[in-house]
There are 2 protein chains.
Amino acid sequence: MASLGELERAVMDLLWAGQEAATANTLRDQLARSSAAQGGAGHEGKELAVTTVLTVLSRLEKKGLVERERGTRPHRYQAVSSRADHTAELMHEVLGSAPDREAVLARFIGSVSEGEAATLRKLLGHL
Amino acid sequence: MASLGELERAVMDLLWAGQEAATANTLRDQLARSSAAQGGAGHEGKELAVTTVLTVLSRLEKKGLVERERGTRPHRYQAVSSRADHTAELMHEVLGSAPDREAVLARFIGSVSEGEAATLRKLLGHL
DNA sequence: TTAGAGTTCTACGAAGCGTAGAAAACTGCA
DNA sequence: TGCAGTTTTCTACGCTTCGTAGAACTCTAA
């Protein structure tokens, strides 16, 4: 139950980008604008119905990715965890399902850029 | 197009476990046995139809995870890459979709066991 | 207390997956 | 060379997820 659809991901990207909790309406507008900004190839400036956005938000809430304040009238939605946390958790999930974790890590490290390898060294040093 | 269903994963696990290429029939038998070995809770010893296994294998082939020798009559199937390679690639995929790769790596490293951290240090040294 | 904004309910179509029958292709043997 | 058994392909159905949104319900402000 980890993977996201295209629209779900777009919504999460907006929630992750903005620091404030957002309403469904705000998100719908942002979605229209960001997909319009894509220009020519592929996506066009779609005006989604607000109910569509709300459905997606509910699904994301059920998946535990989004939290909503029910107190305020236009409910406000925000990501439960940062994108970095979420992504890192995903990576652990992928890794976790492997019996040969060390081998996986070896392959993973093997195909990491030099800059990132340096970053990793630094991070590991600080433990 | 990366995620696998339950049966697809079970088949991949068998292909990854065995070093030899396997036929659909062999796999069906192994599936029956391994799910029977699961005992009581959950799965029971399901006898799948061979066509089911073949369908799954075709889908896995289309996804690029499995390769088949068409020359021999009972076609023989094998995993394209090792489980470790595949998993590592998946991790890169997850990481790749993030704009803040370094932050993700930081979180990832932060929640790695001490033993694995040591492994990583060793691996990074060898670059 | 009511109109309008917001939310929930329900639903449909497409795609992915588990499942497998029916039909086609191939092989070895008589 | 033609059949019988084995193997593969074709087709399909039901279930779930996701994009999408109308319809109906629920608030809040005036």
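The listed nucleotides are dT8(C), dT19(C), dC18(D); the one nearest the side chain of Lys63(A) is dC18(D). Considering only the side chain of Val56(A), dT20(D) comes nearest among dT7(C), dG18(C), dT20(D). Closest to the side chain of Leu48(B), from the set dA21(D), dA20(C), dT7(C), is dA20(C). Of the candidate nucleotides dC17(C), dT26(D), dC26(C), dT26(D) has the atom nearest to the side chain of Arg73(A).
Taking side-chain N and O atoms only, His75(A) has a distance below 4.0 Å to OP1 or OP2 of dT7(C). Look at Lys62(A) and you won't find any side-chain N or O under 4.0 angstrom from OP1 or OP2 of dT8(C). Distances shown here put every side-chain N or O of Arg70(A) at or beyond 4.0 Å from the OP1 or OP2 atom of dC27(D). Regarding contacts with the backbone of dA5(C), every side-chain N or O of Asn25(A) stays at 4.0 angstrom or more from both OP1 and OP2. Listed pair Thr51(B) / dG21(C) fails the phosphate criterion, with no side-chain N or O lying under 4.0 Å from OP1 or OP2. Between Arg59(B) and dT9(D), a side-chain N or O to OP1/OP2 separation shorter than 4.0 Å is absent.
Using a cut-off of 4.0 Å between Lys/Arg side-chain N and Asp/Glu carboxylate O, Glu8(A) and Arg59(A) are scored as not salt-bridged. Classification of Glu102(B) and Lys122(A) as a salt-bridged pair fails, no side-chain N sitting under 4.0 Å from a carboxylate O.
No donor-acceptor pair closer than 3.5 Å links the side chain of Arg28(A) to the backbone N or O of Val53(A).
Residues Val53(B) and Tyr77(A) both approach DNA chain C. Their nearest nucleotides, taken by heavy-atom distance, put Tyr77(A) toward the 5′ side.
For the atom pair Arg107(B) CZ and Leu90(A) CG, the distance stands at 14.0 Å (nearest 0.5 Å).
In the model, Ser58(A) has a side-chain atom that pairs as donor or acceptor with a side-chain atom of Arg68(A) under 3.5 Å.
Heavy atoms of Arg9(A) sit nowhere under 4.0 angstrom from any nucleic acid atom. Across all strands, Leu7(A) comes closer than 4.0 Å only to sugar-phosphate atoms, never to a base (heavy-atom distances). In this structure, Thr55(A) reaches the bases: a heavy-atom distance under 4.0 Å links it to at least one base atom across the strands shown.
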